[in-house]
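Input: a single structure, listed below in structure tokens.
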Amino acid sequence: MYDFKAIYEARSVADAVRLLGEHPEAKILAGGSDLLVEVRGGKHAGCEAVSIYLLDELRGVSLDGDGAIRIKPLTSFSHVSRDPVIREYIPVLGDAAGTVGGPQLRNIGTIGGNICNGVTSADTASTLMAWEAVLEITGPEGVRRCGIKDFYITAGKVDLRPAELLTAILIPKLSYVNCYGCYIKYAMRGAMDIATTGCSVNVALSEDKKSYARVRIAFGVAGPVPMRAPSAEASANGSPVGEETAEAFSKAVLADINPRTSWRAAKEFRQHIAVEMARRALIEATQKAGGVI
């Protein structure tokens, strides 16, 4: 059924790094919701794989001593959507994870795999981009950290060097304290579908709730990789809470995004819904933060 040349079972992170070094062409097998489909379809038929599925050290969510939220890469979408730390501090990430596929996929698919496959439609990627996630990557040279914006190189390609694997996703405390977010996914079907476009917005309001102290927005399927919209952010930062700001913010995204035409949707349609999604997501995030709009 599945045409693998060999599957090597890692017993620890260090063992996974060793195996990846010994088998440089091997694919990393985590939940398998992407790789197994591709192998069965012939794309990677006959490949070697290093399985990290049994590494419980790479599962779970916790708070670091500096207040950063640490999300381990083998944490399933189902666990991310229900985790108490996520629900308390960044519930929008749980909401995004809850839009992935159906229950079976959410139970087996992992948040780390969702990032490392490098696709722009990954439902959690735009939210992690908007919350300025930092990725912890382990390899032969030790542990390094990489901002998620720099992790995405081009469509399907990420900054994982030979024998490296993702070992944690970190949300710095400054990125989530007093911030409230909203994720909107547009797809042709209500469930079990890839995003035509995804939009994640989070806001921090001034003490009197009358203006925006900070706004961040990121899109999926608005370019070859998940991307921020800095022109839109600049238009809202420091501006008063209100419909006028929301309208200017939403229209400003067109200066940054570059969607393509595909069989799922035309470029012009994606631009149209990106503007509307940005407006709606900003309004909902503002209301969650206690603003009146």
Side-chain angles (χ1 to χ4, degrees), residues 81 86-100 120-133 171 174-191 193 195-223 226-259 265 268-293:
S81 66
I86 299 295
R87 297 315 307 177
E88 180 175 357
Y89 296 109
I90 46 171
V92 64
L93 180 59
D95 297 341
T99 70
V100 177
T120 184
S121 58
D123 287 301
T124 60
S126 55
T127 294
L128 291 171
M129 186 77 69
W131 291 82
E132 299 174 336
I171 311 294
L174 288 176
S175 290
Y176 70 81
V177 169
N178 297 322
C179 290
Y180 299 82
C182 173
Y183 174 70
I184 298 176
K185 173 180 180 176
Y186 180 89
M188 298 304 291
R189 297 180 297 186
D193 203 359
T196 301
T197 303
C199 176
S200 189
V201 172
N202 64 73
V203 306
L205 300 183
S206 60
E207 189 173 346
D208 63 3
K209 310 294 185 183
K210 299 295 185 182
S211 63
Y212 291 104
R214 183 175 63 185
V215 176
R216 293 171 295 191
I217 179 172
F219 284 96
V221 208
M227 58 193 301
R228 295 272 289 274
S231 298
E233 293 175 351
S235 76
N237 287 330
S239 297
V241 170
E243 285 283 355
E244 186 175 336
T245 296
E247 288 297 326
F249 170 79
S250 63
K251 291 175 182 176
V253 304
L254 294 175
D256 300 310
I257 65 173
N258 185 30
E268 293 76 12
F269 179 71
R270 284 193 166 107
Q271 289 174 319
H272 171 74
I273 61 175
V275 170
E276 183 62 21
M277 293 166 81
R279 187 184 70 84
R280 294 186 186 188
L282 179 69
I283 290 172
E284 184 171 334
T286 301
Q287 292 170 340
K288 289 179 179 178
V292 178
I293 185 171

Does the pair V241 and K209 meet the rule for a side chain to side chain contact (heavy atoms under 4.5 Å, CB included), with working shown? CA-CA 8 Å; V241 170; K209 310 294 185 183; over 6 Å; no
Residue pair [X] / [Y]: nearest heavy atoms and the distance that separates them:
X: A96; Y: T127; result: CB-OG1, 3.8 Å
X: D123; Y: A195; result: OD1-CB, 4.1 Å
X: A232; Y: V253; result: CB-CG1, 3.6 Å
X: P259; Y: I257; result: CD-C, 3.7 Å
X: C199; Y: M277; result: N-CE, 3.7 Å
X: Y183; Y: S126; result: CE1-OG, 3.4 Å

In the structure I gave you, are the side-chain heavy atoms of [X] and [Y] within less than 4.5 Å of one another anywhere?
X: W131; Y: Y89; result: no
X: L128; Y: I171; result: yes
X: E243; Y: I283; result: yes
X: V275; Y: Q271; result: no

Identify, with sequence neighbours excluded, every residue that meets salt bridge (charged side-chain N to carboxylate O under 4.0 Å, His left out) alongside K288. E284
Heavy atoms from other residues, nucleotides or ligands near CZ of R214 exceed 12 (cutoff 6.0 Å): yes
Neighbour count above 12 (heavy atom, 6.0 Å) for L174 CG: no
Pair D95 + R87: basic N to acidic O under 4.0 Å: yes
D256/R228 ion pair, N-O < 4.0 Å: no
Hey, what do you get for [atom1] ([X]) to [atom2] ([Y]), rounding to the nearest 0.5 Å?
X: F219; Y: I184; atom1: CZ; atom2: CD1; result: 9.5 Å
X: Y186; Y: I273; atom1: OH; atom2: CD1; result: 6.0 Å
X: R216; Y: M129; atom1: CZ; atom2: CE; result: 12.5 Å
X: L93; Y: N202; atom1: CG; atom2: CG; result: 11.5 Å
X: N237; Y: F249; atom1: CG; atom2: CZ; result: 9.0 Å
X: K185; Y: T99; atom1: NZ; atom2: OG1; result: 4.0 Å

Report the residue from N178, V215, I217 that forms a side chain to side chain contact (heavy atoms under 4.5 Å, CB included) with V203. V215
Apply side-chain hydrogen bond (donor to acceptor under 3.5 Å, both in side chains) to the pair T245 and S239, showing each step before the final yes or no. CA-CA 7 Å; T245 296; S239 297; 4.6 Å; no
Would you find a donor on one side and an acceptor on the other, under 3.5 Å apart, between the side chain of [X] and the backbone of [Y]?
X: S206; Y: S211; result: yes
X: S250; Y: A246; result: yes
X: S200; Y: A130; result: no

Can you list the residues that meet the side chain to side chain donor-acceptor pair (under 3.5 Å) rule with T286, with sequence neighbours excluded? Y212
